[in-house]
Amino acid sequence: MQKMSSDDGIYHHHHSDKEDLGTDKVPHIGPLSGSLNKRAGRKGSRFNLRGSSSSKGDDYVEITLDVGDDSVAVHSLKAANGDDLQDDSELTLLAKGLEKKSSVGSSMVRNASAKIKQVGQELKRLTSLSKKPARFDRTKSAVAHALKGLKFISKTDGGHGWVAAEKLFDEISASNNGVLPRSRFGECIGMEPKEFAGQLFDALARKRNLQFDSIDKAHLKEFWDQISNQSFDARLQTFFDMVDKDADGRITEEEVKEIISLSASANKLSNIQKQAEEYAALIMEELDPDNLGFIMIHNLEMLLLQGPDQSVRGESRNLSQMLSQKLKPTYDYNPVRRFYRDNMYFLLDNWQRVWVMALWIGAMCGLFSYKYIEYRQREDVFEVMGHCVCFAKGAAETLKFNMALILLPVCRNTITWLRNKTKLGAVVPFDDNLNFHKVIAVGISIGVGIHGISHLACDFPRLLHATPDEYEPIEKYFGEQAKSYWHFVKHIEGVTGIIMVVLMAFAFTLATPMFRRGRMKLPKPLNKLTGFNAFWYSHHLFVIVYTLLIMHGIKLFLTKKWYKKTTWMYLAIPVFLYICERLTRLLRSSIEAVTIQKVAVYPGNVLALHMSRPRGFRYKSGQYIFVNCDVVSPFEWHPFSITSAPGDDHVSVHIRTLGDWTGQLRTVFSKVCKQPTNGKSGLLRADCLQGNNNPEFPRVLIDGPYGAPAQDYKKYEVVLLVGLGIGATPMISIVKDIVHNIRSMADDEDEELSSALENGVAINNKTSSPSPPNPKRRENFKTKRAYFYWVTREQGSFDWFKGIMNEVAEMDHDHVIELHNYCTSVYEEGDARSALITMLQSLNHAKNGVDVVSGTRVKSHFAKPNWRSVYKHIAVNHNNARVGVFYCGAPALTKVLRQLASDFSHKTSTKFDFHKENF
């Protein structure tokens, strides 16, 4: 309804409704359609300013127009308080845009009305520009943390870095007519990737109205000063300029989409890059609730600075500072005290290894000395062969001992039984079984060297050159004196010895990491000697070696009595035990093949197999199994950690393609897989459902389970689980098991309470408290807190255990487990290249509860963890506790984590026990 009045020829039109402008509702008073085309005059229109706190509608701008027969002119421009706004050049310029001549009255009216609507929008924009947004309290801890972010170049690189940048500029510009091209800007300032550096170049150039694709040194210095400016406001403005490509002071949804795509590409986040449009809409929805179609710099600041408050309580902060002081490296100038302290620390950390190694070395020294003395006292032999025979026989005795002992560390069933059923694990480092196996191999190599050199280079030449009188006492051992060196070599002892040395040298060489992991690049066909297959098959030459060793020990020159030929005595029990091990494996695995229930191929060349659980198959989290697929190879068995929990009704493993066997296995299973449907995970997938149309999976056998260090996690109240890449597999099983155990214990308590109430037992009566239903579980399971750190290079890796991570996040109501995912392809938090990813991550997690990087409910971190801070955080929160640290992954991190465990154990009240998976 319109209310019209006349006053000195000025008509004021009032309208109570709000007109829609596209997607935006523009509240204004007085649309000029209608009466305007009937009579010329002066028309007034009021525009309410959105965002006003006034409820009376008195926050507006009033524009009065002089309307003629063929023109519209601005008469006045006033604010709500009556102030004249004619002096505001920008507002006046926009208002003048209403002035438009028209030869046709009706057309003029329509244009004028549209112009007024347009001005309404522009006035709102200018209001948002002119209004000072509420600033955040930058003293808060979360804000203070965010202020350190959005860095293009770190503070330390600012001054010193310019010298290097200037030098690079001189080198690059020398071949480019004295200027630096845009394409090499990133190379010059040390920024990757090239595309992100190019966008930064464009933003800096736009700011200076540079229209060229190259700059001179003066402009480079200007660019450098701006991007190395440590002021947060300056960094924010630079980042805003990167996004605002048309330099109009506003960021549109399309510009947000472009910068998301660029940031995702820079951080190798392909999934985010594919969903850039969706995430751009999310940011606009959050920062542009009024649907203006753009966001301003203060909106960006709000998004960056509003984060979770990570303040630390005063008590914890003080304790943290005390720990920092304790952990500062100190140098003791007293060499005696320093030597004593270092050795005491070493013994405290490695006392299990020390006593085992001391016992082994002592046994070898004793055997060597025993044989040395025995042959030193045989005058007839010593007279001709001297100390050479003493060394040869002493080394031979240690060889017999080590050739027997080397089989024990690889008797996996025996070690698993000893670990699970006895208390020997407290004093024997079963976790180091393979390391001890390698150490014994070194001992064998040394023994073979001493034994062979003593015989070939000393004993045999002395026998050849002995005089008839010297040779006569030992003729009963060697027969008629030899005339040539070949006499000894062609004897059965010489032949068997040489063959054994060649076979062992071949097997030992292919077992070295360079060959076993395929790092040694050899031409064809020698390339077949590298990789796990070559290691696997060459190691089975030990069957021939042990046969030759027994023959070698029987046909001895200097020993004729059977009970003194002790080689077979050393080998009897270990060889019998090992044969039993292999037969057990063969029989156990061949009785029943597992049924494949589900197969999935994930990014990063990972194959997940979900198999039926064989009858009587019991395992612990952290253990592993051997897998065989006769389609790939009927003889090869490969170990993989179990990723399912003991409470699951299936057994699962995740296998990463790293060699020829795993590559062929993935190929075989991929043939029966299809692209997943209904939102199921995986690049390819095949599920065995109830019915007749199930895929035909190849036959798979499993053997195990076998003990591993991680299975002992239940002994600790606090555990730190660290997995690198596919090394997360045993930790995933542990995480699931912890949740299942906590839930089971809670159910036991509920059962206990219900039983007590039913039987009329007073809960608070100390003399008649009911016994727990399952006291054994409570006794064996001590873990009350777990910290899981998973570090991986690729975003797609998080798909491997997405379902498990979400399941744990849902089930862990008491927050027993802290889950930390790290994606190292993303630049560290605070870097400008990952700034938008950080903002987007916070937004999406707060709104949808899903992390944009991992796709799980667990929020991801960027770059690599600061392991010292991780240990410190645990030490602060768990005073006087013993923490089990379990690690599975690349060897490079082993030394760091072990050293930190040692440092914190010695200098704080928290003790860290480090364990590494070795299979």
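Since the model is a prediction, treat every value here as computed from it, not as a measurement.
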Are there over 12 heavy-atom neighbours, none belonging to Met514, within less than 6.0 Å of that residue's CE? no
Name the orientation class of the two ring planes belonging to Tyr578 and Phe542 (parallel below 30°, tilted from 30 to 60°, perpendicular beyond 60°). perpendicular
The criterion is ring-ring contact (aromatic ring centres under 6.0 Å, His included); which residues satisfy it with His610, sequence neighbours excluded? His650
Using the side chain to side chain donor-acceptor pair (under 3.5 Å) definition, which of the options Ser825, Ser860, Ser797 pairs with Thr792? Ser797
Tell me, yes or no, whether the heavy-atom count around Phe391 atom CZ, taken from other residues, nucleotides or ligands under 6.0 Å, exceeds 12. no
Classify the ring geometry between His451 and His552 as parallel (under 30°), tilted (30 to 60°) or perpendicular (over 60°). perpendicular
Who are the ring-ring contact (aromatic ring centres under 6.0 Å, His included) partners of Tyr706, not counting sequence neighbours? Tyr624, Phe626
Audit row: Ser652, Thr643, side-chain hydrogen bond (donor to acceptor under 3.5 Å, both in side chains) steps and yes/no: CA-CA 5 Å; Ser652 65; Thr643 53; 2.7 Å; yes
For the pair Phe798 and Trp790, name the ring-plane relationship: parallel under 30°, tilted 30 to 60°, perpendicular over 60°. perpendicular
Over 60° means perpendicular and under 30° means parallel, so classify the ring planes of Phe436 and Trp360, tilted if in between. perpendicular
Distance in Å, His455 NE2 paired with Phe460 CZ, rounded so as to fall on 0.5 Å steps: 6.0 Å
Could you check whether Gln711 and Asn420, counting side-chain N and O atoms only, form a donor-acceptor pair closer than 3.5 Å? yes
Do Thr657 and Thr662 meet the criterion of a side-chain donor-acceptor pair at a distance under 3.5 Å? no
Short side-chain donor-acceptor distance under 3.5 Å, Tyr713 and Asp737: yes
Does NZ or CZ of Arg898 fall inside the cone over Phe914's six-membered ring, less than 6.0 Å from its centre and within 45° of the axis? no
Under a 4.0 Å N-O cut-off, is there an ion pair linking Arg613 with Asp648? no
Side-chain donor-acceptor pair present, Lys400, Thr566, cut-off under 3.5 Å: yes
Donor-acceptor pair, Glu636 side chain versus Asn533 backbone, under 3.5 Å? no
Note, Lys916 side chain near Asp431 side chain (heavy atom, < 4.5 Å): no
